[in-house]
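What follows is a short report on a single structure.
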Number of protein chains: 2
Amino acid sequence: MTVSRVLSGGKNVRLEVQERVARAVETLGYHRNENARSLRPGHRSGLVGVTITNIANPYYAEMLRGVEEIASSHGRRILVGNSNEDADLEKQLVADFIGRRVEGLIVVPSSAGDAAHLQPERLGGVPLVLASRAVADVAADTVLIDDVEGARGATAALLAEGHRRIAYLGQRSVFTGRRRLEGFTLAHEALDLRPDDELIRVGQQDVGSAEQAMTELLELADPPTAVFSANNRNTVGAIRAIVARRRSGGSAGTSSLDIRVAGFDSFDFADIAPVRLSVVDHDAGDLGRRAAAMLFDRLGDAPQPLDARTLELPVTLRDLF
Amino acid sequence: MTVSRVLSGGKNVRLEVQERVARAVETLGYHRNENARSLRPGHRSGLVGVTITNIANPYYAEMLRGVEEIASSHGRRILVGNSNEDADLEKQLVADFIGRRVEGLIVVPSSAGDAAHLQPERLGGVPLVLASRAVADVAADTVLIDDVEGARGATAALLAEGHRRIAYLGQRSVFTGRRRLEGFTLAHEALDLRPDDELIRVGQQDVGSAEQAMTELLELADPPTAVFSANNRNTVGAIRAIVARRRSGGSAGTSSLDIRVAGFDSFDFADIAPVRLSVVDHDAGDLGRRAAAMLFDRLGDAPQPLDARTLELPVTLRDLF
DNA sequence: CGTGTGCTTGGTAACGATAACAACCGGTCC
DNA sequence: GGACCGGTTGTTATCGTTACCAAGCACACG
């Protein structure tokens with residue numbers, strides 16, 4: 001009991017005893033057992049659980065840092081799990097985190113599979129914040145990037161420059177992909193136009209397949225004059241295809257030499273890319289910080305809104321030429 | 001007790017009772033308290049603590065994924081902390097992790113400050129693996145990249161191409177920086193050469209300051225014809241400076257147009273860099289996996305070597321042109 | 001001198017889970 | 001019939017910590 005008192009400030013303990021305890025702690029290499037502490041009622045575990053679909057993706061790594069930064073400033077540690085886009089793994093991670101009595105969860109929901117395990121009543125009262133992607137039918141606080149507006153704005157800029165055949169490279173199965181395609185379509189509809197289905201390519205996962213898709217587009221009888229890509233891998237693949245065609249002296253004449261490119265997410269060297277490029281820029285770290293802030297808001301003493309809140313972070317369109 | 005039995009397999013519990021328990025667990029949203037479980041003697045916490053100097057650095061993010069992969073395959077979760085190169089913060093993180101009864105620690109030691117908190121006797125018997133950087137006087141298992149050989153090999157390649165004025169962009173205060181500078185110097189000495197101190201720039205932490213340093217080098221009366229950079233931030237900065245000078249029609253004539261670049265660490269889209277670039281490539285994920293494997297080796301039942309072991313992972317030089 | 005006050009210290013119980021043991025059941029065997 | 005066995009269920013004690021209470025002491029006050 002006296003040791004406990006010393007370790008939590010030393011109130012009402014004789015100075016000499018405090019020193020004796022400190023010495024013993026030092027020589028014995030004693031570390032107070034936080035698991036036992038958190039067992040006592042009223043005590044918090046000081047943990048926040050984070051599941052990410054791919055930790056190695058620099059985008060999510062940056063987000064994770066944002067989460068860690070805010071968690072750390074609230075004296076919390078983060079438990080991290082990689083769901084690998086697998087709902088089953090995500091379910092196990094969430095269950096384990098709750099078992100470890102995390103105070104809250106921040107989840108980038110996996111795109112594949114059922115999300116029943118994220119329903120509030122399955123979480124035993126642990127607050128959940130979804131980051132980057134929303135989940136249908138799950139009423140949880142959510143922080144998103146304004147995918148629709150980002151894609152709409154970038155596409156609208158291409159249309160305003162006079163482009164009428166604009167290709168789309170991206171995804172349709174992932175939440176953000178769907179939203180970005182929606183923005184792409186909205187921009188067209190605002191001008192009473194309709195994107196040509198022939199110019200829409202989805203499913204490219206890496207630079208290689210994106211390059212392949214763009215090469216095919218350039219070989220069309222009526223090729224696109226501009227391309228919007230929904231992520232930086234597709235942007236880089238598109239640029240490669242354009243450069244390769246330029247080098248081989250593109251058969252379609254000069255038109256393929258100056259394909260205009262706009263893409264979601266910036267990347268290293270975006271500003272020295274050999275094409276007229278615009279990027280939809282946003283701060284992954286901010287996404288993490290906002291998600292964490294939303295979580296600690298729920299953990300605070302302030303009266304809570306009962307409804308789930310959704311935050312859409314703004315993006316900016318930057319011309320890099 | 002019966003519930004406990006059901007949850008740990010259901011041996012010797014009537015089937016009907018098992019079903020009843022399962023239903024109650026479902027409706028109540030019950031999750032077994034892992035902290036309480038780990039309190040019992042003989043039981044393991046299932047946690048591994050990882051401290052990294054900068055989570056947002058894609059290199060360490062990739063390493064973290066490697067650690068997570070191995071930890072996950074051993075049924076362990078990872079607790080992650082960002083030390084921000086601050087030994088004090090690192091000390092707090094390590095103490096907290098031990099307090100949470102992690103089974104082991106993987107630490108990228110911070111470059112600044114005292115490392116007494118990493119001494120084995122201060123860790124209360126928790127095994128420690130140092131990753132990426134060694135610490136003098138700390139007898140812990142260590143996994144390193146072969147920095148010296150990587151830097152020596154890349155520099156030797158530049159020298160073999162005939163370059164005699166090779167700049168160095170990197171660090172000297174960080175363990176890996178010192179080793180890479182050593183390799184850079186060794187390559188020169190092997191040909192009885194000595195690097196020009198004027199061409200050695202240390203201390204650039206980000207792309208911006210690296211670009212600035214490279215710009216200064218290009219403005220020298222006798223500028224370098226090649227540059228070796230000790231990490232990818234410096235490589236990107238150097239490439240930007242070269243491209244910027246090329247665009248402004250470098251006053252030093254054509255020589256600044258084809259500065260040869262070699263750098264430690266690859267990075268996203270390195271192969272689209274508009275310069276003749278070689279990179280010293282190594283797998284950060286592998287670094288993490290090896291560190292984790294070394295840790296679980298110590299945690300296993302096999303008889304343990306008493307001495308600390310050091311592993312140096314090989315690197316490969318890749319020409320990206 | 002008795003009582004009250006404040007400081008210091010230690011005893012007890014409780015958090016949740018589970019090994020170890022005890023108790024009870026029905027069935028089998030001698 | 002009684003001893004024994006295996007399957008099932010519940011009781012007890014313990015892990016490390018700390019809120020709460022009690023006890024002891026020195027000191028001040030009336």
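Residue numbering restarts at 1 for every chain, and letters A, B, ... go by the order of the sequence lines. Owing to the predicted nature of the structure, the values given are computational and were not obtained by experimental measurement.
Ionic pairing of A/Asp147 and A/Arg180 is present here: one or more N-O contacts between side-chain nitrogen and carboxylate oxygen are shorter than 4.0 angstrom. Under a 4.0 Å N-O distance rule, the pair B/Arg23/B/Glu19 does not qualify as a salt bridge. Between B/Glu34 and B/Arg77 there is no salt bridge, since no side-chain nitrogen of the basic residue lies less than 4.0 Å from a carboxylate oxygen of the acidic one. A/Glu312 has a carboxylate O that lies under 4.0 Å from a charged side-chain N of A/Arg179, or vice versa, which qualifies the two as a salt bridge.
Atom CZ in B/Arg40 sits roughly 9 Å away from atom P in D/dC15 (whole-Å rounding). One interatomic measurement links the two molecules: CG of B/Leu39 to C1' of C/dT18, which rounds to 11 Å at whole-angstrom precision. In this entry the distance linking CD of B/Gln18 with C1' of D/dG7 reads 13 Å, nearest Å. We find that NE2 of A/His31 is positioned 12 Å from P of D/dT17, with the value rounded to whole Å. Between the CZ atom of A/Arg101 and the P atom of C/dG16 there is a distance of 8 Å, given to the nearest Å. We find that OH of B/Tyr30 is positioned 13 Å from C1' of C/dC15, with the value rounded to whole Å. Regarding B/Asn12, its CG atom lies at a distance of 11 Å from the P atom of D/dG6, rounded to whole Å. In this entry the distance linking CZ of B/Arg32 with P of C/dG16 reads 15 Å, nearest Å.
Of the N and O atoms on the side chains of B/Ser111 and B/Glu85, at least one donor lies less than 3.5 Å from an acceptor on the other residue. There is a side-chain donor-acceptor pair under 3.5 Å between B/Ser38 and A/Asn35.
Side-chain contact between A/Phe97 and A/Val48 is absent, with no heavy-atom pair separated by less than 4.5 Å.
More than 12 heavy atoms of other shown residues, nucleotides or ligands fall within 6.0 angstrom of atom CZ in A/Arg309.
Between the side chain of A/Arg14 and the base of C/dT8 there is no donor-acceptor pair of N/O atoms closer than 3.5 Å.
In this structure, the nucleotide among C/dG16, C/dA14, C/dT18 sitting nearest to the side chain of B/Arg37 is C/dT18.
Taking the C1' atoms of five terminal pairs at each end of the helix from C/dC1-D/dG30 to C/dC30-D/dG1, the two resulting helix axes are inclined by 70°, rounded to 10°.
Ring geometry for B/His282 against B/Phe264 counts as perpendicular: the plane angle is over 60°, on a 0 to 90° scale with 30° as the lower cut.
In the region residues 1-9 of chain A, proximity to DNA chain C at under 4.0 angstrom, judged on heavy atoms, holds for A/Met1, A/Thr2, A/Arg5.
Regarding contacts with the backbone of C/dA17, every side-chain N or O of B/Asn33 stays at 4.0 angstrom or more from both OP1 and OP2.
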